[in-house]
Amino acid sequence: MRNQPVKRYLRDALAPLLLTLVVAVLMMHFGPSLGAPGKVAFLVVLMSCYGWCGWVEFRHLRMCDELRRRLALEALMQAFIAAFGILLALFFAHALKLLTVSIDVAPMVMIGCYAVCEIGARLRYRYWALL
């Protein structure tokens, strides 16, 4: 089957992604009322889930053919550069008291940059087989 690596990736990525989301929502809801040990426990579980997501992504990239690997790595590289630049600019704007920026915008900036760069890479190569 042509998209076997993609189907395996989606199957393998679903559990850590959902677990990360559930832990993040629980942490946002219950975290403020917990003591320091509870907050540390939530953070350890959340970062473990994040590590699991990274391991699934790395394993998927190793199984991809050259074009899929190139698409994924280009999108990740461009998203990193864009997100880091935007967050750096927001940090300095906040430090110079030009505007007040909450740290809550960081995940939205990173996800938005990744989505735009992923779509841009696919448009550039006219490659939509992974969707």
Side-chain angles (χ1 to χ4, degrees):
M1 179 170 271
R2 196 173 113 189
N3 282 332
Q4 191 63 31
V6 175
K7 288 183 180 183
R8 179 178 179 178
Y9 169 71
L10 292 175
R11 185 186 68 232
D12 291 349
L14 187 61
L17 182 61
L18 288 177
L19 188 59
T20 302
L21 291 173
V22 166
V23 170
V25 168
L26 289 173
M27 187 171 72
M28 297 305 270
H29 183 67
F30 295 112
S33 63
L34 294 175
K39 291 178 181 178
V40 169
F42 260 127
L43 191 57
V44 167
V45 171
L46 184 65
M47 296 318 307
S48 299
C49 295
Y50 178 73
W52 187 13
C53 289
W55 176 74
V56 168
E57 182 69 29
F58 179 74
R59 193 175 74 192
H60 170 68
L61 282 176
R62 293 195 59 168
M63 293 186 320
C64 287
D65 62 12
E66 291 176 17
L67 179 59
R68 291 178 191 202
R69 188 176 299 149
R70 182 178 178 138
L71 276 167
L73 290 177
E74 278 187 20
L76 285 170
M77 183 253 332
Q78 291 170 352
F80 172 78
I81 291 169
F84 185 76
I86 291 169
L87 292 175
L88 190 64
L90 290 174
F91 170 77
F92 283 121
H94 182 76
L96 295 171
K97 298 189 184 341
L98 296 173
L99 55 102
T100 303
V101 181
S102 171
I103 192 67
D104 295 339
V105 302
M108 293 180 284
V109 167
M110 289 187 279
I111 291 169
C113 287
Y114 178 70
V116 167
C117 291
E118 184 75 28
I119 290 169
R122 291 176 187 281
L123 286 173
R124 188 170 44 258
Y125 289 100
R126 292 176 176 78
Y127 191 79
W128 297 95
L130 295 179
L131 294 180

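What you see is a predicted model; the values in this text were computed from it and never measured.
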ILVMFWY network linking Leu19 to Phe42, side-chain heavy atoms under 4.5 angstrom | yes
Hey, does Arg8 have a side-chain heavy atom less than 4.5 Å from the side chain of Arg59?
-> yes
Do the side chains of Tyr114 and Ile119 join up, straight or via other hydrophobic residues, at under 4.5 Å, putting them in one cluster?
-> no
Side chain to side chain donor-acceptor pair (under 3.5 Å): which pairs involve residues 76-85, sequence neighbours left out?
-> none
Check the hydrophobic clustering (I, L, V, M, F, W, Y; side-chain heavy atoms under 4.5 Å; chains of links allowed) and say if Val109 and Leu76 are grouped together.
-> no
Check the hydrophobic clustering (I, L, V, M, F, W, Y; side-chain heavy atoms under 4.5 Å; chains of links allowed) and say if Leu61 and Trp55 are grouped together.
-> no
Can you name the side chain to side chain contact (heavy atoms under 4.5 Å, CB included) partners of Ala41, sequence neighbours left out?
-> none
With Val105, which residues qualify under side chain to side chain contact (heavy atoms under 4.5 Å, CB included), at least two apart?
-> Leu90, Val101, Met108
Show your working on side chain to side chain contact (heavy atoms under 4.5 Å, CB included) between Thr100 and His94 and close with a plain yes or no.
-> CA-CA 5 Å; Thr100 303; His94 182 76; 4.2 Å; yes
To the nearest 0.5 Å, tell me how far Ser33 OG sits from Lys39 NZ.
-> 8.5 Å
Cluster partners of Leu43, using ILVMFWY side-chain heavy atoms under 4.5 angstrom, listed by chain and number?
-> Met47, Tyr50
Does Arg69 have any side-chain hydrogen bond (donor to acceptor under 3.5 Å, both in side chains) partners at least two apart in sequence or in another chain, and if so, which?
-> none
Using side chain to side chain contact (heavy atoms under 4.5 Å, CB included) as the criterion, list what pairs up with Leu46, not counting sequence neighbours.
-> Thr20, Val23, Ala24, Met27
Path from Met28 to Ile103 over hydrophobic side-chain contacts below 4.5 Å | no
Members besides Leu98 in its Ile/Leu/Val/Met/Phe/Trp/Tyr cluster (side-chain heavy atoms under 4.5 Å) = Leu96
Residues pairing under salt bridge (Lys or Arg N to Asp or Glu O under 4.0 Å) where one sits in residues 94-114, two or more places apart or in two chains, turn out to be none
Between atom CG of Leu71 and atom CD of Glu66, what is the distance when rounded to the nearest 0.5 Å?
-> 12.0 Å
When Ile, Leu, Val, Met, Phe, Trp and Tyr are grouped by side-chain heavy atoms lying under 4.5 Å apart, directly or through other members, which residues fall in the same group as Leu14?
-> Leu18
Taking only residues two or more places apart in sequence, or in another chain, which ones meet Glu74 in a salt bridge (charged side-chain N to carboxylate O under 4.0 Å, His left out)?
-> Arg70, Arg124
Of the non-hydrogen atoms in Ala75 and Cys117, which two are nearest, and what is the gap between them?
-> O-CB, 3.6 Å
Shared-cluster residues of Ile111, by chain and number - hydrophobic side chains joined below 4.5 Å = none
Can you name the residues that form a side chain to side chain contact (heavy atoms under 4.5 Å, CB included) with Ile81, not counting sequence neighbours?
-> Met77
